[in-house]
Amino acid sequence: MPELPEVETIRRELEPLLKGRRIVSVNVLRPDIVGWPKPNAFKRLVAGLTIVELARRGKYLLLRLKPGLQNAECRTRNAEPKQNLLVIHLRLSGHLKVMDSRAPVQRFERIRFRLSGRRVLVFVEPRVLGRVYLVSEDRLPSVLKGLQEMGLEPIHRDFDAGYLKDKVGHRRSSIKGLLLDQSIAAGIGNIYSDEALFRSGIRPERTAHRLRRAEYPRLARALREVLRDGIRHMGTTMSDSRYQRPKGMPGGFQKHLMVFDREGEPCRVCSTVIKSCRIGNRTSRYCPKCQT
DNA sequence: CTTGTGTCCTGTAGGC
DNA sequence: TGCCTACAGGACACAA
C-alpha cells in the first residue's frame, strides 16, 4: 500500500533516526528480499557504511551511504566500485521500524540492519514482495530499470496538463491503468489514482485518448493536490493494511478518502452509492454521478 | 510500441 | 468449527 505519500512520510520520520548511523552488520532472514547483489555480497558490502541522507524517488526509498572514514579496511573497499545507495521498495505490505538493538525478532521480519548506537533498522514484509538493493549511483539504471524509466512525480513543478497529455493523449487504454504506470506519473498507486480521478470528475475506465482537452488540467491538478494532502496527513492506513509510520503510528488520510475502499457507501458529495469495477486485474472505485 | 494477462507471495476475509 | 477460495497490492515478464 505504500504509495508516494506513505514513502515520503517514512522518509521524513526515518531520516532523523538514521542519519549519521553506521550499519554494523546485516541479518538476512529471507534471502529473496535482497534484489541486488547476491545476499552474501550484499551483507559484506553494506557492513561498515554510514547513512548520510535519505531520499525518495516515486515509491523507492534511497539511503545514501558513505564509507566509514577511520578504519583501514575501508581503503581496500574503495578499490571496488562504490556501493553508495541502499534502495528499499516496500511494495504492498512492507514497513520499516527503528528499534532498540535488543528488540526480539518481529513477526514477518525479513532483514535486520544493526546500527551504531544500539539501534536496529528492521524491514518487516509479510508478503515477501518488497526488495532491498545495494548499488552504486552509476549502476542504478542497469540494476533498477523501474527507477531509470520513472516519469515525473505529480508534485514536481513541471508536472502539468501538457506533460500528462504528451504521455497519455495518444493511448487507447484506460486512464486508470495508465495512472498506475510509474513511467507516466511516479508514485501513484491504487488509492491515490482513484482519489485523483474522483476529484477531477473522470471515470476510471475512460480511454485516455478520448479525454477532453479541459480534463487534463483538472487531472494534473487533482493528482498534485491529492498527493500533497496525503503527505500532509502522513499517508493512508486502511484497517487491513500494514502501512505504519516508523514508530508504529497510523497515517490520517483514510479519513479523507472519497471513493477508495468505499464501495456501497454514499458519495460524500452527492450521496450516490459508490461503485467498483475491475480494470486490468485491479479494483477501481468511483462515484457514478460525480464522475463521467 | 502498445495492450492485456499472469506471476511473484502470503495473510486474511468471507463463503459454505 | 474449519476448510477452501478469492483477493489484495506494485512491478515486471511475456504473449499477441
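Proteins come first, then strands; the chains are lettered A, B, ... in the order of their sequence lines, and each starts at number 1.
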Separation of atom CZ in A:Arg91 from atom C1' in B:dT10, rounded to whole Å: 14 Å
Could you state the atom-to-atom distance from CD of A:Glu109 to C1' of B:dT10 in whole Å? 17 Å
What's the closest nucleotide to the A:Arg127 side chain, out of B:dT10, C:dA11, B:dT3? B:dT10
Is A:His209 touching bases, backbone alone, or none of the nucleic acid, heavy atoms closer than 4.0 Å? nothing
Just to confirm, is there a sub-4.0 Å distance from OP1 or OP2 of B:dC1 to any side-chain nitrogen or oxygen of A:Arg172? no
When the distance from CG of A:Asp261 to P of B:dT12 is rounded to whole Å, what number comes out? 17 Å
Sequence neighbours left out, cut at 3.5 Å: what donor-acceptor pairs do the side chains of residues 166-173 of chain A make with other protein atoms?
from, atom 1, to, atom 2, distance (Å)
A:Lys167, NZ, A:Ser183, O, 3.2

Rounding to a whole Å, what distance do you find between A:Leu90:CG and C:dA8:C1'? 16 Å
Once you apply a heavy-atom cut-off of 4.0 Å, does A:Arg131 come out as touching a base, just sugar-phosphate, or nothing? nothing
Distance below 4.0 Å between A:Arg171 side-chain N/O and B:dT3 OP1 or OP2: yes
In whole Å, what is the span from the CD atom of A:Glu149 to the C1' atom of C:dC12? 11 Å
side-chain N/O A:Thr283 vs C:dA8 OP1/OP2, d < 4.0 Å: yes
Rounded to whole Å, please give me the gap between CZ in A:Phe123 and C1' in B:dC9. 13 Å
Please tell me if A:Arg278 has a side-chain N or O lying less than 4.0 Å from either OP1 or OP2 of C:dA6. no
Between P of C:dA11 and CG of A:Leu144, the distance in whole Å: 11 Å
Nearest heavy atom decides the nucleotide; on that basis, is A:Leu129 or A:Lys145 closer to the 5' end of DNA chain C? A:Leu129
Going by distance alone, is a donor N or O of one side chain under 3.5 Å from an acceptor N or O of the other, for A:Lys176 and A:Asn190? yes
Quick one: label A:Gly189 by what it contacts on the DNA or RNA (base, sugar-phosphate, nothing), any heavy atom closer than 4.0 Å. sugar-phosphate
Parallel, tilted or perpendicular: ring planes of A:Phe159 versus A:Tyr163, cut at 30 and 60 degrees: tilted
When rounded to whole Å, the CG to P distance for the pair A:Leu179 and B:dT3 reads 13 Å
Please tell me if A:His170 has a side-chain N or O lying less than 4.0 Å from either OP1 or OP2 of B:dT2. yes
Indicate yes or no for a side-chain donor-acceptor contact from A:Glu3 to the backbone of A:Ile191 under 3.5 Å, with no hydrogens or angles considered. yes
Nearest-neighbour nucleotide for the A:Asn281 side chain, B:dT5, C:dC12, B:dT10 considered: B:dT5
Which of A:Arg224, A:Arg228, A:Arg56 passes salt bridge (Lys or Arg N to Asp or Glu O under 4.0 Å) with A:Glu153? Answer is A:Arg56
